[in-house]
> 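Take this structure first; my questions come after.
Sequence positions, counted from 1, serve as the residue numbers for this chain. As the structure is a computational prediction, the values presented were derived from the model and not from experiment. In listed order, ligands and their atoms are each counted from 1.
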Amino acid sequence: MNPLAIELNAELNGTAAGRLMSKMGSRLYFPKGIIAQSAEAKKSAHAANATIGMAYSKGLPLILSSIVYSMPTLTPEQAVAYAPTAGVEKVRQDWKKLIAQKNPSLNPQNISLPVVVPGLTAGISYMADLFLEEGGVMLASDPCWDNYQLVFEERRNARLKGIPFFSKDSIKASRPGLDLEAINKAVKEEAKTGAVRIILNFPNNPSGYSPTKAEYDGLTKIFKEAAEAGADVLVLCDDAYFGLFYENDIYQESIFSALAGLHEKVLAVKIDGPIKEDYVWGLRTGFVTFGSKGLGSAHYDALVKKLMGAIRSSVSCANTPAQYLIIQAMEDPRTISEKARFQDMMLKRYQAVKQFVVSHPNHPNLTPLPFNSGYFMSFRTEGVSAEKLRQELLARHGIGVVSLGESCLRVAFAGLDEEIIESTYKVIYDTAEGMGKGKV
Ligand SMILES: Cc1ncc(COP(=O)(O)O)c(C=O)c1O
């Protein structure tokens, strides 16, 4: 059991709450991960706050005009009525059209209608409820988003097995990228049990990496081979940061496109939404879409009803006004140009980070993981504890970053204005080097 859970259980020991606690209740805790570190940074990161997965400009979250101006225009029905359990029909249909537009090689006839869930976290958790047995294994990238541990291990009582997505060689290669060999090995090993369950997240949190076309094909081949060898394969595509691509060699479709029609034994699930793509983090609206060569409309109806059961028995339904605001944002003529402007802002921040990193190679303690997309980039730390470095940056320099374990430091450049990126990274590099030499 996690030490933080043990601490909470000890506190409740001898009380009615402690005695009544379920096994799942006993396993749960609030991690000292991204959310806790971000709350700390909110108080002390006076110079730069690069902790949270949100995009800021001059201290305020980015927001589309359609969202700002549509709020007061909602009808009573749109503002306060219950939404259907699977979501408002129009937003589901519109989102499906958008998925097809953004993923031209996907055949929309062969996928389910997206189901509305209250944010991507809920969608991932529901997929664990439906497809992951207690004691089962979910494969994920190592490093991965820290909440996967809470969802798959503590809540579902299954095991999260990390695959090192970036080896030393794949980081140092002339074109840094995924270690497909390691991924292949882990998938084949798991396939021996008769089933593979994996969650893929591109653009990846925390590395900020998205695959090239060759890597995308390589990943698809790995799953096809596992299916051909007889295993059932579940691939959860966590597309939280979809669309925020900054390099031309990235394949700009979700891997869901290829997996949805790949093989009867492969079930792909796309978990996405406007949360990060459309800068509406707090609207808590995500979508879950199923795709498999082996499924037809009656199967999809049955799967959607299963998911509706998970929704009904947890939050009952998602937020109604948010769904109507998203419909308005999709229809608003300003949205495309505003999103292009925000994307350009993110691109410039990415380029500033890239320029700094490339012009300061061979840092003795910080090695950047490959990054080309999304909100973040991360360093592998050597000779310096990522957590101690985080604390030092916050306490001495007012810079908030996130440590994930002892050797991964994540910097959310989406939260940093372009003009402070160089100075912020200089402090990070100098502080890490000073700590590495024992001078701090
Ligand atoms: C990789 C990844 N997946 C899913 C989510 C969940 O997003 P939501 O806010 O929609 O629950 C996040 C949020 O930070 C994330 O980083």
> For ligand 1, does Asp238 get within less than 4.0 Å through its side chain, its backbone, both, or neither, judged by non-hydrogen atoms?
side chain
> Test your reading of the structure: does Leu120 have an N or O sitting under 3.5 Å from an N or O of ligand 1?
yes
> Using heavy atoms and a 4.0 Å limit, tell me yes or no: is Ala240 in contact with ligand 1?
yes
> If you measure from the Lys or Arg side-chain nitrogens to the Asp or Glu carboxylate oxygens, is any gap between Glu338 and Arg341 under 4.0 Å?
no
> Using distance alone, decide if ligand 1 has a nitrogen or oxygen within less than 3.5 Å of any nitrogen or oxygen in Tyr241.
yes
> Looking at side-chain heavy atoms only, is the closest gap between Val117 and Phe287 below 4.5 Å?
no
> Looking only at distance, does Arg284 have an N or O less than 3.5 Å from an N or O of ligand 1?
yes
> Pairs under 3.5 angstrom only: tabulate donor-acceptor contacts from the side chains of residues 126-135 to other protein residues two or more places apart or in another chain.
residue, atom, partner, partner atom, Å
Tyr126, OH, Ser314, OG, 2.6
Glu134, OE1, Asn157, ND2, 3.3

> Please step through salt bridge (Lys or Arg N to Asp or Glu O under 4.0 Å) for the pair Lys305 and Asp301, ending with a clear verdict.
CA-CA 6 Å; Lys305 290 214 174 77; Asp301 281 352; 5.4 Å; no
> Strictly by salt bridge (charged side-chain N to carboxylate O under 4.0 Å, His left out), give each pair with a member in residues 400-418 just once, sequence neighbours left out.
Arg349-Asp417
> Strictly below 4.0 Å, N to O, side chains only: are Glu189 and Lys161 in salt-bridge contact?
no
> What protein heavy atom sits nearest atom 14 (O) of ligand 1, and how far away is it?
Lys276 NZ, 2.9 Å
> When only distance counts, is Tyr148 in polar contact with ligand 1, meaning an N/O pair under 3.5 Å?
no
